[in-house]
Every structure is written in structure tokens, then in C-alpha cells.
Amino acid sequence: MGFRFSGIGNAKQVCKDAEAKNVPKGYFAVYVGEIQKKRFLVPISYLKNPSFQNLLSQAEEAFGFDHPTGGLTIPCTEEACIDLTCRLNCS
């Protein structure tokens, strides 16, 4: 006699949906880092900034629309992302 867990097949999707819902209105999630990807919440207003647009262009060149984490992955170090967001917050 075996047991069948019908919900296990959807467990990954439920986790992804829950994570996606944890993004506040006016923000979007990006993943950065060379080895271990770290999730950052970025204000949508950064999309207008030329420096951030440059990072998005690099992401497009590196990954196209196939992002390994399932979210927007930006090819930069965690330190570079923190530095850029600090500069954008101060301006």
C-alpha cells in the first residue's frame, strides 16, 4: 500500500508564488552575485536611471530571457549592486 501526495508536485510552484508575492508594490526582485545569488528588491523608479539600464543591458546580453533563478538575474557582484543602489538612493 502506497501513499500519494498530490500536492508535492506543485510544491516548487507554491514556493515561487509565495516568494513573488513578497515583493512590495513599486518594487521588483533581482538576483545578483557571482557564485551565490542574492535577492534584492529594487524600486521601479531605478528603471529610468542610465546606470541601472546599463546593468539591464548586461543582463540581456548574458542571459537573454532565460534567467537561471527564475527571476531577473543581473551579472554583477553583490558589492557592485549595493554600491549602485546606495548611489541611486543618495541622488
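Not measured: the values here are computed from a predicted model. The analysis underlying the following values was restricted to heavy atoms, covering all of them including side chains, and did not include hydrogens, waters or symmetry mates.
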Closest contact, heavy atoms only, R39 versus A29: NE-CB, 3.6 Å

Determine whether L41 and V23 make a side-chain contact, defined as any pair of heavy atoms from C-beta on separated by less than 4.5 Å. yes

Heavy-atom nearest pair, A59 first then I74, reads CB-CA, 4.2 Å

side-chain contact (heavy atoms from CB on, under 4.5 Å), that's the test. Do Y27 and V42 meet it? Break it down for me. CA-CA 5 Å; Y27 289 80; V42 179; 5.7 Å; no

Would you please name every residue forming a side-chain hydrogen bond (donor to acceptor under 3.5 Å, both in side chains) with N54, sequence neighbours left out? none

Below 3.5 Å, can you tabulate the donor-acceptor pairs from side chains in residues 78-86 to any protein atom, sequence neighbours excluded?
{"from": "E78", "atom 1": "OE2", "to": "K38", "atom 2": "NZ", "distance (Å)": "3.4"}
{"from": "D83", "atom 1": "OD2", "to": "R87", "atom 2": "NE", "distance (Å)": "3.2"}
{"from": "D83", "atom 1": "OD2", "to": "R87", "atom 2": "NH2", "distance (Å)": "3.4"}
{"from": "T85", "atom 1": "OG1", "to": "C81", "atom 2": "O", "distance (Å)": "3.1"}
{"from": "T85", "atom 1": "OG1", "to": "I82", "atom 2": "O", "distance (Å)": "2.9"}

Taken to the nearest 0.5 Å, the spacing of E60 CD from L72 CG works out to 11.0 Å

When rounded to the nearest 0.5 angstrom, what distance separates CG in N49 from CG in L88? 4.5 Å

Could you state the interatomic distance from OH (Y46) to CZ (F28), rounded to the nearest 0.5 Å? 10.0 Å

Nearest 0.5 Å please: distance from the CD1 atom of I44 over to the NZ atom of K25. 9.5 Å

Could you state the interatomic distance from OH (Y31) to OG1 (T73), rounded to the nearest 0.5 Å? 8.0 Å

